[in-house]
S.K.: 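My questions all concern the structure below.
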Amino acid sequence: MNYLPAILGAGLVTFAIRLSFIVVLGQMNVPDSIRRALRFVPAAVLSAIIFPEVLRPGGQFDFSPGNTRLIAAVLAALVAWRTKNVLLTIAVGMGAVWVLQSFT
Amino acid sequence: MSSPRSEFLSGVRAELPILLGVIPFGIIFGALAVEAGLPPLTALSTSSIIFAGSAQFIAAQLFKDAAPGLVVVLTVFVVNLRHMLYSASIAPHLAHLPQRWKWLLAYLLTDEAYAIVITHYHHESDSTHKHWYTLGAGLALWSTWQASTAMGILLRTQAGDWLLGLGLDFAIAVTFIALVVPALKDWAVVAAALSGGLVAVGAASLPYNLGLMAAAVVGISAGVIVERTRVERTRVERTRP
């Protein structure tokens, strides 16, 4: 079976999606209302990636102290909030997961 | 004053922690693609032609199920729709660049690069070389993705699963936390983050990453609404005698 046409097609649509607004918005003055809405993209999308990773580890909703990723994420969020230090936040979050995992 | 070289290297450095989390998925993808029946070189080329983690996993599954090529293309399109938001979000920052830069940086625009890069753009600084930072972050991720895919193809073992068992994939979520939390500077952004996150949890079982897309739209709308009501309230208070 020749997979290449499908892979090329998939690559092309992916590239077109990523290029779309970079080209379109690059050629016009972005209206203020759009500019204001775009401010919320990082918080909205990244949280939409974070929350299921933390609250549905292994695909099951788990809001309990037994959820090591939830505890680690809360600790990491606290460190991020207090220090704004990216590396320290990652170290605390990963360290917490490893320590908690070794106890369960 | 930052030089192109120093911006490029900081972009690479900023991306490093995320790479920890990306490597297991690259290895698993490589192994999975070969298992699905793709010849090794085709499997490897997928990582440079599509260059989108979750879409590649779904494509490999579809190939395994002998789905028609058009179905693969349409599915990948839907799965990657969220990148249109990244494109719009980053567009104002790239507007001044020549076309070839726009094309190159668009090709490198993944979840993991976007998260790092948009945070850098939102930081106040007078650097005129931030596109070099973007290139550094993008290329660090790109080369890691290619290398880990190749490892998966060669090893064809449970190496990736073993790394996942160590919880390395959590490095991606933790890095995103480190980037998002300090950006929660007003209630409108908090509303966007909370509503986006909660909708994503509720809609996680929707296929093709559509839950993520719905969550993003709800989150952005929530941010806009909260900001608008707060602006109106201050206006009312000001006009009061």
S.K.: Using heavy-atom distances under 4.5 Å, tell me whether B:Ala59 contacts chain A through its side chain, its backbone, both, or neither.
M.R.: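 It is neither, since no heavy atom gets under 4.5 Å.
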
S.K.: Would you call the rings of B:Phe63 and A:Tyr3 parallel, tilted or perpendicular if under 30° counts as parallel and over 60° as perpendicular?
M.R.: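 Plane angle over 60°, so perpendicular.
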
S.K.: Please state whether the side chain, the backbone, both or neither of B:Val224 comes within less than 4.5 Å of a heavy atom of chain A.
M.R.: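 Contact with chain A involves both backbone and side-chain atoms of B:Val224.
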
S.K.: Could you tell me which portion of B:Ser195 (side chain, backbone, both or neither) has an atom closer than 4.5 angstrom to a non-hydrogen atom of chain A?
M.R.: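 B:Ser195 has no heavy atom closer than 4.5 Å to chain A.
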
S.K.: Given heavy-atom pairs under 4.5 angstrom as the criterion, report whether the side chain, backbone, both or neither of B:Gln99 touches chain A.
M.R.: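 For B:Gln99, the contact with chain A is made by the side chain alone.
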
S.K.: For A:Arg82, is it the side chain, the backbone, both or neither that has a heavy atom under 4.5 Å from a heavy atom of chain B?
M.R.: neither

S.K.: Please classify the contact of B:Leu198 with chain A as side chain, backbone, both or neither, using a heavy-atom distance under 4.5 Å.
M.R.: both

S.K.: Side chain from CB out, backbone as N, CA, C, O: work out which of these in B:His122 comes under 4.5 Å of a heavy atom of chain A, or both, or neither.
M.R.: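 When you check distances to chain A, only side chain atoms of B:His122 fall under 4.5 Å.
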
S.K.: Between B:Leu94 and chain A, which part of the residue has a heavy atom less than 4.5 Å away: side chain, backbone, both or neither?
M.R.: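 Contact with chain A is through the side chain of B:Leu94 alone.
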
S.K.: Which region of A:Leu12, side chain (C-beta onward) or backbone (N, CA, C, O), has a non-hydrogen atom less than 4.5 Å from a non-hydrogen atom of chain B, or is it both or neither?
M.R.: neither

S.K.: Between B:Leu62 and chain A, which part of the residue has a heavy atom less than 4.5 Å away: side chain, backbone, both or neither?
M.R.: neither

S.K.: Return yes when atom OH of B:Tyr107 has more than 12 non-hydrogen atoms of other residues, nucleotides or ligands closer than 6.0 Å, and no otherwise.
M.R.: yes

S.K.: So for B:Leu38, is it side chain, backbone, both, or neither that comes closer than 4.5 Å to the heavy atoms of chain A?
M.R.: both

S.K.: So which part of A:Leu19 gets closer than 4.5 Å to some heavy atom of chain B, the side chain, the backbone, both or neither?
M.R.: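 For A:Leu19, heavy atoms of backbone and side chain both lie under 4.5 Å from chain B.
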
S.K.: Would a distance-only check, ignoring hydrogens and angles, find a side-chain to backbone donor-acceptor pair under 3.5 Å from A:Ser47 to B:Gly197?
M.R.: no

S.K.: Pick one of side chain, backbone, both or neither for A:Val97, based on which atoms fall under 4.5 Å of a heavy atom in chain B.
M.R.: side chain

S.K.: Checking heavy atoms, do the side chain of B:Ile177, its backbone, both or neither come under 4.5 Å from chain A?
M.R.: both

S.K.: Side chain, backbone, both or neither: which part of B:Phe51 has an atom under 4.5 Å from a heavy atom of chain A?
M.R.: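 Interface part for B:Phe51: both.
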
S.K.: Given a strict heavy-atom distance threshold of 4.5 Å, which part of B:Ala188 is in contact with chain A: side chain, backbone, both, or neither?
M.R.: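 Both backbone and side chain.
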
S.K.: Checking A:Arg69 against chain B: side chain, backbone, both or neither under 4.5 Å from a heavy atom?
M.R.: both

S.K.: Where does B:Ala171 contact chain A at under 4.5 Å (heavy atoms): side chain, backbone, both or neither?
M.R.: both

S.K.: In terms of heavy-atom proximity below 4.5 Å to chain A, should B:Ala36 be classed as side chain, backbone, both, or neither?
M.R.: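 Interface part for B:Ala36: backbone (N, CA, C, O).
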
